[in-house]
Amino acid sequence: MDKKILVTGPFGQIGSELVPKLQERYGKKNVVALGHRYIPEDYDGVLEQGGVEDEGFMEDLWKKYDFDEVYHLASLLSATGEKRPDLAWKINMGGLKNVLDLSRDNESRVFWASSIAVFGPTTPLNGTPQNTILEPVTMYGVTKVSGELLCQYYNEKYGLDTRSLRYPGLISWKEKPGGGTTDYAVEMFYKAIEGEKYTCFVREDTELPMMYMEDAVRGTLELMDAEEENIGVRTSYNHSALNFKAGELVEEIQKYYPGFEVEYEPDERQKNADSWPNSVDDSKAREDWGWDHEYDLEKMVKVMLENLERKLN
Ligand code: AKB
């Protein structure tokens with residue numbers, strides 16, 4: 001029998017690359033994309049439109065498709081979350097609660113996107129361990145910590161198969177990120193190719209964990225493919241690949257675009273970035289289900305530029 005998959009946030013930065021992979025694996029007719037406002041004109045697949053926080057709508061969706069697996073990606077990110085904290089709580093927590101309740105009642109498996117935003121200023125800054133202090137200072141981070149605990153609770157209480165990754169800043173060329181703090185890393189590539197100066201909204205020495213999207217999507221699928229007895233973390237796994245300072249990314253891009261200029265004008269997003277670690281220790285993911293990244297800074301920059309140049313020309 002065919003496996004039915006739901007993807008929420010299918011047209012965001014992660015979803016737009018995860019959905020085609022799921023369609024390849026399970027067939028186009030079996031992957032349901034739940035979009036909200038933005039629906040790409042050229043989307044080719046099963047489409048539904050509505051809000052994840054709408055309980056009645058989500059219930060009807062499960063009745064219609066009887067999902068086996070859910071990739072719950074829909075979320076307000078850190079910068080938007082600080083502008084609209086009430087909405088962030090409503091969508092991030094309301095959406096997750098609906099997904100968990102319906103998955104429990106219908107025996108669906110759940111993947112949920114967490115983030116390095118679960119960490120805060122009191123967390124160890126370098127090589128942040130899997131189990132550590134979680135005192136975030138953003139509403140986004142608050143919803144991610146609460147969500148992690150809720151996922152673990154549903155696993156322990158109801159035996160629901162919940163799996164999750166703490167994504168670092170994600171670098172991709174297919175779809176731009178929106179409303180996050182790590183967005184500067186992607187914006188730089190566009191400006192370099194367009195021959196424009198970039199005004200970076202974090203300091204040059206701001207260091208954060210990052211990952212190329214291809215690694216993030218592969219990690220997501222590998223986590224979902226792992227045998228249940230190998231999953232030792234039901235909150236969310238630290239998931240890491242590379243770390244760089246904003247200035248180091250600029251230097252790497254300048255190897256290809258020597259004339260690329262950047263000025264630094266930190267805004268309110270600097271506070272979010274300062275509250276997150278420089279690097280995280282993801283050895284638990286590597287031990288439990290064999291996670292390994294493929295892209296380092298040099299390889300990621302080369303591939304990003306090649307793909308974006310093709311896309312923009
Ligand atoms: C953001 O910057 O808000 C996200 C994240 C780190 O989760 N990219």
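The figures that follow rest on heavy atoms only: side chains count, while hydrogens, waters and symmetry mates do not. We count ligands from 1, going down the list as the structure has it; atoms in each ligand are counted the same way.
Side-chain contact, S108 with N106: no donor N or O sits under 3.5 Å from an acceptor N or O. Side-chain contact annotation: E309 with N313, donor-acceptor N/O pair under 3.5 Å absent. In this model, no donor atom of one side chain and acceptor atom of the other lie less than 3.5 Å apart for Y295 and K302. Using modelled atom types, one finds a donor on one side chain and an acceptor on the other under 3.5 Å when comparing T143 with N92.
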Please tabulate, for side-chain N and O atoms in residues 8-16, each donor-acceptor pair with protein atoms closer than 3.5 Å (sequence neighbours left out).
residue: T8; atom: OG1; partner: H72; partner atom: ND1; Å: 2.7
residue: T8; atom: OG1; partner: L73; partner atom: N; Å: 2.9
residue: T8; atom: OG1; partner: A74; partner atom: N; Å: 3.1
residue: Q13; atom: NE2; partner: L170; partner atom: O; Å: 2.7
residue: Q13; atom: NE2; partner: S172; partner atom: OG; Å: 3.0
residue: S16; atom: OG; partner: G12; partner atom: O; Å: 2.9
residue: S16; atom: OG; partner: Q13; partner atom: O; Å: 3.4

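Contacts of ligand 1 (protein heavy-atom distance under 4.0 Å) are L77, S78, S115, I116, Y140, G180, T181, T182, W276.
Taking 4.0 Å as the cut-off between side-chain N and carboxylate O, K90 and D54 do not count as a salt-bridged pair.
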